J.: 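Dropping a structure here in structure tokens format, bear with me for questions.
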Amino acid sequence: MKTLEFDYKNVLGFVGENEILSMEAKANSARRELLEKTGAGNDFVDWVDWPIKITSDEVDRIKKCASRLRKNGKYLVVIGIGGSYLGAKAGLEMLDEYFVDSEFEVVFAGNSFSSTYSKQLLKFLADKDFSAVVISKSGTTTESAIAFRLIKELLLEKYADYSERIVAITTNHDSALHTMACKEGYEEFFIPDGIGGRYSVLTAVGLLPLAYKGYDIYEILKGSKDAYERFSKTPFLENEALLYASVRNALYDLGKETEILAFYEPKLRYIGEWWKQLYGESEGKDGKGLFPASVIYSTDLHSLGQYVQDGKRNLFETVVEIENPEEDLLIKSDDSNLDKLNYLAGKSLNYVNSQAMKGTIIAHVNGEVPNILIKVKEISCYTFGYMVYFFMFACGVSGYLLGVNPFNQNGVEAYKKKMFELLGKPKN
Ligand code: PA5
């Protein structure tokens, strides 16, 4: 199979094929605006050709830095919030084996104000050897700045060479973090000005933590480069990203205003979290936008399944299926059959999972929940790079189809303004 396949047959009972086909011209024009950098927010679209622009010098420096940090100890603390951590977290959760005591571990900080989390993290790190990567494009985000102050204090206490254990990933101007890095001599990586936080997973922001854990970042970039080649050139009807953007907009116009991204593999939970930020921040503005939600099935069929089947009919689902799961196991026959499961004897758990998926899709479509199916070939560094690029490219096109600027996030400032007033932050 291809790396990623797109199937919208279970949408066609709700939106006519002609309606989707009629979106071709608009989708092509949105793609052209993205590629030629002429659309709204065009000063933030350098992620589009980033997979072919990132230099091997930059990738090698990321790898070298990761090896250096590995010499400092088993743990890397990645400090950041939103786009400054979700991509790395999504990649690690997708690629890590369950239940393995790894040689190297990445832990996250600075993605909330929880005092309990911070205190217990500091307690955990007190007798461990660790380094820290602090990631903030603006270099001023409060959650990550507080966490960095706390972690730095511990590093200072523990190590004379503490500045060798800190790497900063930020912008090279107007950033308190950059000023600190210059003054204190941390190694630095710069996030290009034209790449916003939620589109930065394929820069050092996502790649350094993944390289630290030992993943092949060249393979990740190869996946994203192949995705760029495909989605930037392939005609509408065969272009999975253009079709996804068009179909979700057609459903939105029909009043299906909530999109539920569903996975049948718990390892993809954080792909869902990353996707929610990507789509929520890119499209939720000017009083418009699909509300992005995510679920893990069959787990959440036992919690949200009732609502999806029977609640307000303003939903559609996008299921991401892993075509070739990493592992499988057979259900054996049991002589007593007290659990009455012998009808499954000889069947594999993957078979059961895929029948659960097929049955759920039929039931939900019958319950008036249109379904998009995205099939991803397997779990690998390559497919991670391919899939994140697919979602980013489709998001840019989708935002343009919706008529918003998918690359700003002015709404995020409102809570900060009120919070700073309450905290008594000086105006300058
Ligand atoms: O997409 C975005 O720009 C934001 O969600 C940021 O990723 C998030 O707010 C963190 O910002 P920063 O990297 O400046 O600390």
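Numbers here are sequence positions counted from 1. Both ligands and their constituent atoms are indexed starting at 1 by order of listing. Because the structure is a prediction, the values reported are computed rather than measured.
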J.: Going by distance only, is there an N or O of S144 that falls short of 3.5 Å from an N or O of ligand 1?
T.: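 Between S144 and ligand 1 (N or O atoms, distance only) the closest approach is not under 3.5 Å.
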J.: Students should be able to answer this: which protein heavy-atom is nearest to atom 5 (O) of ligand 1, and at what distance?
T.: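 Protein heavy atom at minimum distance: Q277 NE2, 2.5 Å.
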J.: Strictly under 6.0 Å, is that where the ring centroids of F390 and Y244 end up?
T.: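 Yes: the rings meet the under 6.0 Å criterion.
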J.: So which of T141, T170, I135 gets nearest to atom 15 (O) of ligand 1, if we judge by its closest heavy atom?
T.: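 Comparing heavy atoms across T141, T170, I135, the nearest one to atom 15 (O) of ligand 1 lies in T141.
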J.: Of the protein's non-hydrogen atoms, which lies at the shortest distance from atom 6 (C) of ligand 1, and what is that distance?
T.: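 It is G83 N, 4.0 Å.
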J.: What is the nearest protein non-hydrogen atom to atom 10 (C) of ligand 1, stated with its residue, atom name and distance?
T.: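 For this ligand atom, the closest protein heavy atom is I81 O, 3.3 Å.
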J.: Would a line drawn from the ring center of F263 to the ring center of Y297 be shorter than 6.0 Å?
T.: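 Ring centroids of F263 and Y297 are no less than 6.0 Å from each other.
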J.: I need the atoms of ligand 1 closer than 4.0 Å to a non-hydrogen atom of Q409, numbered in the order shown.
T.: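 Near Q409, meaning under 4.0 Å from one of its heavy atoms, ligand 1 has 3 (O).
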J.: Is S138 in polar range of ligand 1, meaning some N or O pair under 3.5 Å apart?
T.: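 Min N/O separation from ligand 1 is below 3.5 Å for S138.
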J.: Against heavy atoms of E281, which atoms of ligand 1 measure under 4.0 Å?
T.: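 What qualifies from ligand 1 is 1 (O), 2 (C), 4 (C), 5 (O).
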J.: What protein heavy atom lies closest to atom 3 (O) of ligand 1? Include the residue and the distance to one decimal.
T.: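 Protein heavy atom with the smallest distance to atom 3 (O) of ligand 1: G197 N, 3.4 Å.
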J.: For the CZ atom on R313, are there more than 12 heavy atoms of other groups (residues, nucleotides or ligands in this structure) within a distance under 6.0 Å?
T.: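 Yes, the 6.0 Å shell around CZ holds more than 12 heavy atoms from other groups.
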